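Input: a single structure, listed below in structure tokens.
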2 protein chains.
Amino acid sequence: MGTTQLESVQEPKYWHLKTVLSEALDSDFAVGEILPNERDLAARFGVARATLRQALEQLELEGRLQRRRGVGTTVAPPRVGVAVAAAQHDWAGGDSDEAWQPVECTTGKAPVAVAAMLDGAAGEDVHVVRRIRVTRGQSVAAELLYVPRSSVPELSAIDAPSGPARARSVLRELHRLGLDGQDRSVELGSARADDAKELDRLPGAPVLVVTTRYFAVSGTAAVSVATYRADTCRLTFGDSGALEISHEEQERQAS
Amino acid sequence: MGTTQLESVQEPKYWHLKTVLSEALDSDFAVGEILPNERDLAARFGVARATLRQALEQLELEGRLQRRRGVGTTVAPPRVGVAVAAAQHDWAGGDSDEAWQPVECTTGKAPVAVAAMLDGAAGEDVHVVRRIRVTRGQSVAAELLYVPRSSVPELSAIDAPSGPARARSVLRELHRLGLDGQDRSVELGSARADDAKELDRLPGAPVLVVTTRYFAVSGTAAVSVATYRADTCRLTFGDSGALEISHEEQERQAS
DNA sequence: GAGTGGTCTAGACCACCGA
DNA sequence: CGGTGGTCTAGACCACTCG
């Protein structure tokens with residue numbers, strides 16, 4: 001039999017759907033515009049809702065869409081470039097628009113994975129500083145900064161029991177230390193419940209986990225684990241002295 | 001009625017499942033061990049297969065599991081740390097274990113997003129070099145390197161029609177140029193069909209997209225778009241002169 | 001061919017948001 | 001309250017790998 005297998009696409013429906021939607025997004029939709037709801041879209045394309053959702057999920061992962069329960073699906077703006085590099089040493093920070101905001105500070109044991117990076121500080125108590133990074137009025141990252149007690153010996157134990165005030169104290173002490181280098185890694189993760197709440201996302205949302213080790217002369221002075229919203233963020237690194245500028249700075253310069 | 005709402009978990013089943021599985025993975029399984037198949041697991045936990053799969057998907061995203069069609073689900077080894085920083089200027093490369101392998105080289109127009117970064121080279125033809133990065137015998141990244149003709153004028157047009165030989169020619173010319181800086185960004189994406197094949201994954205698999213702009217005195221000399229397997233890779237950046245070493249190098253030093 | 005994960009369906013109910 | 005996206009089910013078939 002001349003079974004010529006006419007155009008046996010062999011391409012998953014959701015994948016093809018994603019492509020079609022992606023092109024439609026480019027041509028027929030403006031940023032912020034809301035799409036038809038999932039049931040209508042599925043019917044329009046003649047697929048089950050689950051299949052349609054699989055395509056939407058991918059597009060959301062790529063930062064093309066934004067979905068909110070009870071509201072709808074909207075076209076997402078281009079990802080924000082957030083700088084993850086130098087200029088980090090201004091621990092005090094808080095003034096700039098593109099900065100970290102200390103939220104609170106507790107004390108306790110570090111998770112094993114973190115403790116392993118804080119050489120020698122096996123069972124030691126650490127200060128845990130919670131910070132939020134806000135860009136354009138939107139929180140893009142949540143961080144836990146682990147600072148061994150031994151790194152900031154000057155800190156009086158009863159400076160403030162917890163809260164932002166104490167967080168700022170720890171950061172100030174860290175600043176006084178004078179760090180000489182850091183060591184960073186980026187990987188994909190999913191948001192824990194607490195991070196998800198800070199980032200206004202559902203638990204399990206994809207995040208970029210940036211782990212930074214801060215060195216002082218005496219060794220590792222602190223470890224930071226920052227989780228960035230993977231859907232809305234593009235992490236930028238200024239490895240050169242060259243013209244690395246974030247979008248935000250570009251806008252500021254334009255004015 | 002005394003509806004005390006006993007323990008209304010209010011936590012999605014798949015999320016709870018993920019937690020349970022994650023703990024089981026830590027305690028009861030060794031790296032490489034294969035899990036029971038999805039139908040059995042779903043039955044064991046009393047959920048539908050789709051729900052079980054949602055949990056497995058998350059765990060795979062976090063690099064805890066590895067799933068292969070026709071084979072099964074296995075416990076994944078810890079993520080590989082791959083260095084994404086200096087030492088990149090050895091364009092010729094190819095000798096080291098942890099290096100890029102040129103695969104082929106074609107010529108054509110750059111995608112608009114890339115062209116926008118190659119200032120001034122709007123409609124110009126560019127060399128497109130395909131490279132694969134292999135670590136521990138496993139390909140971890142696929143790259144497309146876009147080099148405007150004007151960046152490598154010395155390159156004879158008919159050096160080699162395509163293939164690895166020509167790729168090496170382009171890289172050699174680029175090396176002669178002497179670059180003075182680069183500018184990098186990392187974001188989440190999903191693998192295009194061609195990248196997926198190189199990375200031995202299915203299309204749409206989550207990847208970390210590293211976009212690098214290489215500067216020469218005259219401006220942007222080249223743009224690279226590298227996609228790393230998000231499930232198996234941890235990108236590391238040596239921002240300090242300090243002891244940033246990859247796992248591979250550690251092993252090499254140990255010997 | 002038997003067994004695996006990958007895709008797809010057609011329903012159902014739930015949590016959340018806004019009018 | 002109605003409409004949205006988020007979760008879940010119980011099935012079916014497919015593509016792939018391996019013995």
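We use all heavy atoms of the structure for the numbers below, so side chains are in, but hydrogens, waters and symmetry mates are not. Bear in mind that the values here come from a model prediction, so they are computed numbers and not experimental data. Residue numbers begin at 1 in each chain, while the letters A, B, ... track the order of the sequences.
When rounded to the nearest whole Å, the span between CZ of B:R201 and P of C:dG5 equals 14 Å. Atom C1' of nucleotide D:dG5 and atom CD1 of A:I34 are separated by 13 Å, given to the nearest angstrom. What separates CD of A:E11 from P of C:dG6 is a distance of 18 Å, to the nearest Å. Put simply, CD on A:Q54 is 13 Å from C1' on C:dG5, counting in whole angstrom units. Rounded to a whole Å, the CZ atom of A:R67 is 9 Å from the C1' atom of D:dG6. One can place CG of A:D40 at 11 Å from P of D:dG3, the figure rounded to the nearest angstrom. C:dC14 atom C1' lies 13 Å from atom CG of A:L202, rounded to whole Å. Put simply, CG on B:L59 is 14 Å from P on C:dG5, counting in whole angstrom units.
Counting non-hydrogen atoms under 4.0 angstrom, B:L56 reaches nothing in the nucleic acid.
For the atom pair B:S185 OG and B:M117 CE, the distance stands at 7.5 Å (nearest 0.5 Å). The line from OG1 of B:T51 to CG of B:L41 is 13.0 Å long, rounded to the nearest 0.5 Å.
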CA sep, side-chain torsions, deciding dist, call: B:T74, B:Q66, side-chain hydrogen bond (donor to acceptor under 3.5 Å, both in side chains)
CA-CA 5 Å; B:T74 60; B:Q66 196 162 343; 4.7 Å; no

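Side chain to side chain, B:S22 and B:R64 meet the donor-acceptor criterion of an N or O pair below 3.5 Å.
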Would you tabulate the nitrogen or oxygen pairs shorter than 3.5 Å linking the protein to nucleotides 17-19 of chain C?
none

Identify the pairs formed between an N or O of the protein and an N or O of nucleotides 9-11 of chain D at a distance under 3.5 Å, and give each distance.
{"residue": "D:dT9", "atom": "OP1", "partner": "B:K13", "partner atom": "NZ", "Å": "3.0"}
{"residue": "D:dT9", "atom": "OP2", "partner": "B:A48", "partner atom": "N", "Å": "2.8"}
{"residue": "D:dT9", "atom": "OP2", "partner": "B:T51", "partner atom": "OG1", "Å": "2.4"}

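Heavy atoms only, all atoms of each residue included: B:L208 and A:V186 are closest at CD1-O, 4.3 Å. Of all non-hydrogen atoms in B:R229 and B:L199, the two that sit nearest each other are NH1-O, 3.2 Å.
Each of B:P203 and B:G72 was matched to the nucleotide of DNA chain C holding its nearest heavy atom; the match closer to the 5' end belongs to B:G72.
Checking C:dT4, C:dT7, D:dT7 against every side-chain atom of A:Y14, the shortest atom distance belongs to C:dT7. Comparing atom distances between the B:E38 side chain and each of D:dG5, C:dC8, C:dG6 picks out C:dG6 as nearest.
Remark: of the listed residues A:E62, A:Q54, A:E23, A:E62 is the sole one forming a side chain to side chain donor-acceptor pair (under 3.5 Å) with A:K18.
In this structure, B:N37 does not reach the C:dG3 phosphate: none of its side-chain N or O atoms is under 4.0 Å from OP1 or OP2.
Taking the side chain as every heavy atom from C-beta outward, A:R184 and A:F237 approach each other to under 4.5 Å.
Ring pair B:W100/B:Y228 is perpendicular by interplanar angle, where above 60° counts as perpendicular and below 30° as parallel.
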